[in-house]
Amino acid sequence: MKPRRGSLERPRRSPLLTVVTGIVLIYSVVPLLWLFINSTKTQSSLFSSFGLWFSGEFALWDNIVATVTYNDGVFLRWFGNTILYVVAGAGGATFLAIIGGYALAKFTFPGKRAVFAVVIGAIAVPNTALAVPTFLMFSRLDLTNTPWSVIIPSLISPFGLYLMWTFASEAIPTELLEAARVDGAGEWRTFFTISLRLLAPGIVTVVLFTTVATWNNYFLPLIMLRDPAWYPLTIGLNSWNAQAATAGGEAIFNLVITGSLLTIVPLIAAFLLLQRFWQSGLAAGSVKE
Amino acid sequence: MTRSTPRALRGVAITAAAALVLAACGNGADDGDAPDGGEDESTTDNEGDEPTTDDGHDDALGEGGEITVWAWDPTLESVASDFMELHENVTVDIVNVGTGDDQYTALQNAISAGSGGPDIAQVEFYALPQFVLGEALADLSQYGASDLDGTFTPGPWGAVTQDEGVYALPTDSGPMALFYNARIFDEHGLDVPETWEEYREVGRELQDADPNAHITNDTGDAGFTTSLIWQAGGHPFQVDGTDITVDLADEGSQVFSEFWETMVDEELVAPVSSWSDEWYQGLSDGSIATLVIGAWMRGNLESSVGEASGDWAVAPMPQWEAGASATAENGGSSLAIMEASQQQELAYAFLDYATVGDGVQTRIDEGAFPATVEHLEDEDFTTVEFDYFGGQRVNEVLADSAANVVEGWQYLPYQVYANSIFNDHVGQAYVSGTTIAEGLESWEQALVTYGNDQGFTVSAE
């Protein structure tokens, strides 16, 4: 890792810290390594070899082909569903968080404190606890077992809203907005031409958070969806896993593992691409300008 | 849409509609050549004494439509596509909403919600009484299913019939047999056990020869336990309407618990849960040397433990008494038509095709183990030599077992729940100082309490 500017003032190395970081590194990398190594094995060598080293023929490519073609290519369908849920759900959540957070940070209106209380309260309630009430509500609306039942709840991200709110109040100087207003720019024009650009690092952060949350969401789609055609990857892979535990079912652990690997690739890519913005986003607001 | 109609009203509407359809069939049925081998004898409708024939399938088939089937059995896909080829205006949509318990939860939700359920659902034998009692399943005797008595082997037929009603048709069955790893047996000079006594002895010899190997695995499996009690002649669950007696200390249960206690105490069973990847690994490398399990395991071994091809063989289930030939069922499932289905006639036509018609052969070809006497006795079936099992005629052994299942077994009307708490009670015996008999006693108490809470009259013997 690159040394941060702030740490240059303390050049002395701490062995304890190195060990702790090392443990954390191993803890986070080993599962990934395991996943990669085992996705190169065939079903039978999975059962007969040591988990953390390669064995038998290198079957990664065969596994990938089998994964995307198994059951008439249902994996690709699930992949598409996940992307749909992420684009519509996480994308929508980010959009709502941006305009909501911006409005709360830069405008005064009656009831602002109440909104603040609701948002903070909503952050405190875990999503899992809301899943069942949400299910009952959607069931009454006849929306269960449709993509809407996954997308609509994903649109709500109290944490994203709060993040955009604090970010907007720090990153956009009120004087700048006032100057724009004096020059005769309308609120929408100010928002799109000035504020949105200043908010970019914050937006990337919220995008990352909501994307990861939606990409990994398991419980909500689990209780909402019954039709495998609408499953996201998480539920789909689990149904493949469960297939091994039944009479007449075919154990396809190799496909489950390879599918899991393929599932996390886009997330890793998103992190690598957006990490740059994210870092600058986290630093913003910490220094007085 | 009927979605907003109160459920009770809808029930009336369906019954009325069904009566109309049946009446129409009674009048206008011709001698159409039923493509799926349906019998033509007229039967009596349960509710009104309206005589009818099951030629009604033809009318329903002619009309066509779409039926949804909730099933996880992979072989049903081909059956459905064959069926659709025969009847072009019929669409059969096979949906896998989850395996076993997951599917039952979804089904129960759909039943309570009054909408969103399938026309046909795959239900395992042990779970059937629960749905029958909840009046969620259509009585198929009104479509002529009572004529199928004798078509299926006694175990599965007993499982789908209840108080004169037929609530599902068996798709497969699980007569038990001893699957053993012949390579390991040869390696250590072990004899194939014929009694449970010998089985334990072989377990000890194997343990001496190779401390890593176990005669079998078990961490407390409800299905296995009840099957072994079944074979030992026990009747721990006796159900008469809503009156239930639970006796997990009857003679059969004691025979099992005393015997299996020694297996666990001497650590002859591997501490591995069935269906885990560790289990598959054990089956693959031979460290789990035998399984006493349902006949469907043949297909599972072939499809999932390819590495061990040639190692495995099948022998009759070990006996409690030397020279006997009693067996029990382990697993096995059926297809049931939901009471709420708007297309029961059409659904029955598919059911008939899949469970007694040409669909059976399709499923056998794809590795399923049938429940129909005709197929089990068929020489084409029994004489197949399986390469996976070193050329053995495995089906001979399995079909023999199907014919020798001890009759009269009953499951609880809340067996799904019962099995789900099995490990909390009996599972203790595998990890702590309590015995299996104590575990069964504690399970019994929990089942009595739960049953009474649910409105049954449950007594412990």
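A, B, ... follow the sequence lines: proteins, then strands. Residue 1 opens every chain.
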Which pair of non-hydrogen atoms, one from P228(A) and one from V95(B), has the smallest distance, and what is that distance?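 Shortest heavy-atom contact: CD-CG1, 3.2 Å.
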
Can you give me the closest heavy-atom contact between A251(A) and S304(B), atom names plus distance?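 So the two residues come closest at N-OG, 2.7 Å.
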
Is the [atom1] atom of [X] crowded by more than 12 outside heavy atoms at less than 6.0 Å?
{"X": "Y388(B)", "atom1": "OH", "value": "yes"}
{"X": "D72(A)", "atom1": "CG", "value": "no"}
{"X": "Q361(B)", "atom1": "CD", "value": "yes"}
{"X": "F95(A)", "atom1": "CZ", "value": "no"}

Chain A: which of D73(B), D277(B), L283(B) shares the most heavy-atom pairs with it under 4.5 Å?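 Heavy-atom pair counts peak at D277(B).
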
Using a cut-off of under 4.5 Å on heavy-atom pairs, state which of S276(B), S284(B), A106(B) scores highest against chain A.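 Ranked by contacts with chain A, first place is A106(B).
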
Does A244(A) offer a backbone N or O that forms a donor-acceptor pair with the side chain of Y280(B) under 3.5 Å?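 Pair found, side chain donor or acceptor close to backbone of A244(A).
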
In Å and rounded to the nearest 0.5 Å, what is the [atom1] to [atom2] distance from [X] to [Y]?
{"X": "D227(A)", "Y": "W70(B)", "atom1": "CG", "atom2": "CH2", "answer": "9.5 Å"}
{"X": "D102(B)", "Y": "N238(A)", "atom1": "CG", "atom2": "CG", "answer": "7.5 Å"}
{"X": "T105(B)", "Y": "R226(A)", "atom1": "OG1", "atom2": "CZ", "answer": "7.5 Å"}

